[in-house]
Protein chains: 2
Amino acid sequence: MTAARKRITQQDIARMTGVSQATVSLVLNGRGDADVRIAPETRERVLAAIRSTGYVADPIARRLADRHNRILGVFTYEPVFPAGSGDFYQPFLLGIEESAEQLGCDLLLLTSAPVTDGRRRIFHEDNRLRLADGCILLGRSLDRDELTRLVAEGQAFVSVGRRDDAGGPVPHVGADYVTATAAVVARAVAAGHRELCYLGDGGETSRSSGGTGGSVPESFADRFAGYREAAARHGLAPRWEKASGRTPAEVLDALVADGVTAVLVEEFADGVALAAVARERGLDLPGDLSMLALGDPTRPAPTDIDFSGYRIPRREMGRQATEVLTALIAGEVSRSDARRLLPCEPVAGVTLTAPNTRRNG
Amino acid sequence: MTAARKRITQQDIARMTGVSQATVSLVLNGRGDADVRIAPETRERVLAAIRSTGYVADPIARRLADRHNRILGVFTYEPVFPAGSGDFYQPFLLGIEESAEQLGCDLLLLTSAPVTDGRRRIFHEDNRLRLADGCILLGRSLDRDELTRLVAEGQAFVSVGRRDDAGGPVPHVGADYVTATAAVVARAVAAGHRELCYLGDGGETSRSSGGTGGSVPESFADRFAGYREAAARHGLAPRWEKASGRTPAEVLDALVADGVTAVLVEEFADGVALAAVARERGLDLPGDLSMLALGDPTRPAPTDIDFSGYRIPRREMGRQATEVLTALIAGEVSRSDARRLLPCEPVAGVTLTAPNTRRNG
DNA sequence: TCAATAAGCTAATACGAATTATCAGCGGGA
DNA sequence: TCCCGCTGATAATTCGTATTAGCTTATTGA
């Protein structure tokens with residue numbers, strides 16, 4: 001019945017202990033060192049009252065008066081708790097949560113952001129981003145305009161996943177896809193492959209030659225860049241095929257026609273589909289076609305195949321993103337220094353072997 | 001670099017257009033209807049200035065002024081994004097998130113609560129519970145003392161899962177285990193079973209006769225209560241076996257010795273283990289032993305068996321918990337009216353058939 | 001002609017915490 | 001006795017927005 005019990009304020013604590021609101025504030029912030037002094041006895045009295053009432057500073061008022069509230073915003077372009085279990089985002093969030101717990105921060109899930117055109121928008125009428133000290137951004141591809149605005153406004157934020165500059169350096173903790181993908185190429189070559197193919201959208205970057213131009217997400221572009229560099233180093237052509245908008249059968253046809261012996265798969269799910277079709281046709285996997293997964297499944301893709309390739313250090317990325325963000329908030333690092341790339345973990349798997357010789361002759 | 005460009009305020013807009021800050025606020029909030037009037041010409045001038053500057057109201061100051069922050073706290077006794085047991089909590093959180101999004105609320109994960117003795121505590125030194133307008137509690141069993149204190153302090157909160165009174169009614173959105181379990185008994189009887197057994201800790205309540213006494217979680221107690229009532233109605237003895245602290249083999253021995261033909265399993269994982277042992281022994285499932293799962297797995301329990309029984313409406317529970325909480329905050333419902341039990345969905349499954357006749361003779 | 005009304009706005013204040021400037025009281029030294 | 005310095009606290013102000021009471025001018029009614 002008690003309709004919306006009034007919140008306890010510093011004023012209440014002050015009245016209780018017979019001091020002023022200012023004193024309560026000073027005690028709370030442990031200000032006894034500088035030009036302000038509080039008698040130990042008074043301090044104890046105030047602290048006791050705070051403990052007994054369970055008083056907590058209103059983060060909003062605290063923020064207004066321009067202090068920090070130890071709240072970290074988490075903005076995702078998709079719902080955080082999706083139906084499909086074993087989900088792609090889970091490990092990131094796990095890392096974020098672990099780190100936040102360690103740092104004594106609470107996480108504010110910005111669920112109030114309305115969905116327009118199938119995705120959430122950071123900026124809207126009642127933008128509550130600034131409620132938090134800073135913000136972690138999660139999502140395959142972030143809206144470039146929103147990113148630019150965040151940078152321009154000087155917001156404290158970190159992207160999980162590398163991002164190109166957007167009117168300034170974009171703080172991020174990403175995976176080093178370039179190095180990881182190049183390493184995969186080297187492994188394929190070492191196994192005897194000469195006819196490689198990159199399967200995915202990353203190849204689009206090879207057309208729109210500029211770095212920042214295309215609409216290809218950075219993660220795809222980076223994979224392809226690693227592939228292209230390594231291919232060049234090994235004297236191979238940077239062959240690639242698009243996966244989206246085609247059936248796995250069509251893709252397989254193209255690969256076979258080209259005499260490809262090893263395919264690097266950008267999207268795990270595409271690899272699963274491709275493998276299924278290849279098996280149906282009676283191909284020998286991995287003898288006739290080695291497959292290399294460039295990261296973990298981002299879409300549910302049930303399979304019992306242990307793909308060779310590498311794993312994205314998702315949990316660690318979440319963890320470090322949180323750390324970078326707090327450092328950024330504390331002013332301990334600059335925007336441009338708040339960019340990290342973490343190594344991916346190689347996975348041996350069973351889908352990479354030497355190519356069958358009959359195919360080579 | 002550029003240290004936080006100063007934000008544009010209503011005061012700035014006011015100076016630009018030669019009006020007062022109050023007028024800007026009034027225009028922004030479309031207040032022209034009531035006892036306040038703004039000349040259309042003035043309104044336009046102000047709106048123009050707002051458009052040209054891209055001014056957006058500071059959400060923090062806005063919330064300070066109306067004392068609600070539309071933040072809902074989510075407190076879990078275990079980490080929210082776990083690797084293993086996460087599958088159980090996921091649907092609750094999904095429902096909470098969906099509902100929060102609809103209601104325009106943000107979720108504050110209270111990750112800063114320190115872990116003591118293996119579990120998080122709500123009340124501690126730097127208790128930040130009151131950061132939010134209200135709070136959702138999630139976890140198998142909530143600490144009774146903490147619950148009592150929450151009630152006593154008049155906090156706005158809702159438990160996901162039914163809870164006994166704790167010095168007053170505890171707002172909750174739970175599953176109606178009593179009815180669901182009774183229905184399962186009825187199904188078993190209808191299938192021809194007369195020798196039932198309840199497997200789990202819920203039976204402990206049959207000893208400590210009082211309602212509130214034991215340390216048995218409400219969800220277990222409710223399941224057993226439904227079982228006991230239904231058994232009595234059908235003229236059966238409320239037979240039960242403990243699962244914890246015993247091997248599945250021991251449990252099976254006890255069931256066989258008693259001539260049990262159908263077992264109601266409190267913990268899904270126990271059912272899986274029991275089925276495995278029964279199969280090893282060459283029992284005919286479900287002919288020799290029908291099994292009824294009283295809810296979804298709370299521990300990871302990989303199985304390909306489609307258990308008969310019922311499903312907990314987890315997503316819906318999360319959803320409604322959020323709604324109840326906001327109603328509570330808004331003062332639209334009283335504490336004692338903020339208690340709901342949702343029906344569980346029956347699952348036909350394949351582990352319930354008529355008992356083999358040879359066993360009965 | 002003068003009050004009564006109404007239109008159109010502004011001044012003042014609240015919200016809760018942080019911070020600065022200031023003030024009262026006291027003891028000691030000159 | 002006066003002044004200084006120190007301690008321990010407080011009044012007042014700030015942050016940006018929302019809201020209410022009230023003020024000024026113009027318009028109406030009788």
Side-chain angles (χ1 to χ4, degrees), chain A residues 4-47 49-50 53 55-71 125-131 133, chain B residues 4-46 50 53 55-71 126 128 130-133:
Chain A
R5 272 173 36 89
K6 216 167 103 50
R7 261 193 138 83
I8 295 175
T9 71
Q10 288 189 349
Q11 196 60 253
D12 298 327
I13 304 282
R15 269 190 291 266
M16 264 176 231
T17 52
V19 297
S20 70
Q21 173 265 323
T23 303
V24 177
S25 172
L26 292 172
V27 168
L28 262 165
N29 296 311
R31 295 274 313 272
D33 46 335
D35 36 21
V36 184
R37 276 163 301 257
I38 306 286
E41 191 265 343
T42 306
R43 176 185 302 275
E44 254 327 303
R45 217 151 25 97
V46 171
L47 286 176
I50 288 173
T53 55
Y55 165 85
V56 185
D58 183 338
I60 293 179
R62 202 193 191 99
R63 250 319 259 223
L64 226 216
D66 215 351
R67 289 301 244 89
H68 297 308
N69 54 24
R70 298 201 76 75
I71 292 179
E125 280 297 293
D126 189 31
N127 166 16
R128 322 225 294 139
L129 193 67
R130 300 183 54 112
L131 256 172
D133 285 347
Chain B
R5 272 172 3 103
K6 202 168 142 6
R7 256 185 102 88
I8 296 174
T9 70
Q10 290 188 350
Q11 195 58 254
D12 297 326
I13 303 282
R15 270 191 291 267
M16 266 176 230
T17 51
V19 297
S20 70
Q21 173 266 322
T23 303
V24 176
S25 173
L26 293 173
V27 168
L28 264 166
N29 296 313
R31 294 275 313 271
D33 45 335
D35 37 20
V36 183
R37 272 165 297 255
I38 308 286
E41 190 267 342
T42 307
R43 175 185 303 276
E44 253 328 302
R45 218 155 21 102
V46 172
I50 289 172
T53 54
Y55 163 85
V56 183
D58 183 340
I60 296 184
R62 199 207 265 295
R63 290 308 171 205
L64 219 215
D66 64 21
R67 292 188 308 297
H68 281 307
N69 55 23
R70 297 199 75 75
I71 292 178
D126 185 30
R128 319 225 300 145
R130 312 187 68 122
L131 277 180
D133 285 346

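Lettering of chains follows the sequences in order, A, B, ..., and the numbering in each one begins at 1.
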Checklist entry - A:Ile13 CD1 to D:dT10 P: how many Å, rounded? => result 14 Å
Next on the checklist: Tell me whether the side-chain N/O atoms of B:Ser20 come closer than 4.0 Å to OP1 or OP2 in C:dT10.
Outcome noted: yes
Checklist entry - For the pair made of CD1 in A:Ile60 and C1' in C:dC15, what is the distance, rounded to whole Å? => result 10 Å
Next on the checklist: Taking any heavy-atom pair under 4.0 Å as a contact, classify A:Leu64: base, sugar-phosphate, or nothing.
Outcome noted: base
Item to check | Interatomic distance where CZ belongs to B:Arg43 and C1' belongs to C:dC9 [whole Å] | outcome: 13 Å
Checklist entry - Distance-only, no hydrogens or angles: does the A:Asn69 side chain make a donor-acceptor pair with backbone N or O of A:Arg62 under 3.5 Å? => result no
Checklist outcome for this item: Rounded to whole Å, the CD1-P distance (A:Ile38 to C:dA18) equals 13 Å
Item to check | A:Ala14 to A:Ser20 - nearest heavy-atom pair and separation | outcome: CB-C, 3.6 Å
Checklist entry - What are the two closest non-hydrogen atoms of B:Arg45 and B:Val19, and how far apart are they? => result NH2-CG1, 4.3 Å
Checklist outcome for this item: Students should find that the end-to-end axis angle of the helix from C:dT1-D:dA30 to C:dA30-D:dT1, with five pairs defining each axis and rounding to 10 degrees, is 80°
Item to check | B:Val46: which of B:Ile13, B:Leu28, B:Leu26, B:Ile38 passes side chain to side chain contact (heavy atoms under 4.5 Å, CB included) | outcome: B:Ile13
Checklist entry - So, are A:Arg63 and A:Asp133 salt-bridged, with charged N and O less than 4.0 Å apart? => result yes
Item to check | Nearest-0.5 Å distance that lies between atom CD in B:Gln10 and atom CD1 in B:Ile50 | outcome: 7.5 Å
Checklist entry - What nucleotide among C:dA18, D:dA18, D:dG16 has an atom nearest to a side-chain atom of A:Ala65? => result C:dA18
Checklist entry - Once you round to the nearest 0.5 Å, how far does CD of B:Gln21 lie from CD of B:Gln11? => result 6.0 Å
Next on the checklist: Both B:Thr42 and B:Ala61 contact DNA chain C. Which one's nearest nucleotide lies toward the 5' end?
Outcome noted: B:Thr42
Checklist entry - Which part of the nucleic acid does A:Val19 contact within heavy-atom distance under 4.0 Å: base, sugar-phosphate only, or nothing? => result sugar-phosphate
Item to check | Sugar-phosphate, base or nothing in reach of B:Thr23, heavy atoms under 4.0 Å | outcome: base
Checklist entry - Which one, D:dA9, C:dC9, C:dT19, comes nearest to the side chain of B:Val36? => result C:dC9
Checklist entry - When the distance from CG of A:Leu28 to P of C:dA17 is rounded to whole Å, what number comes out? => result 8 Å
Checklist entry - Under a 4.5 Å cut-off applied to non-hydrogen side-chain atoms, are A:Thr53 and A:Asp12 in contact? => result no
Next on the checklist: Within the 4.0 Å heavy-atom criterion, would you say A:Asp58 contacts the bases, only the backbone, or no part of the nucleic acid?
Outcome noted: sugar-phosphate
Checklist outcome for this item: In whole angstroms, the gap separating C1' of C:dT19 from CZ of A:Arg37 amounts to 16 Å
Checklist entry - Between atom CD1 in A:Ile50 and atom C1' in C:dG16, what is the gap in whole Å? => result 14 Å
Next on the checklist: Both A:Ala22 and B:Gln21 contact DNA chain C. Taking the nearest nucleotide for each, which residue is further toward the 5' end?
Outcome noted: B:Gln21
Item to check | A:Arg62 vs C:dA17: side-chain N/O to OP1/OP2 distance below 4.0 Å | outcome: no
Item to check | Length of the CG-C1' vector between B:Leu26 and C:dA12, whole Å | outcome: 14 Å
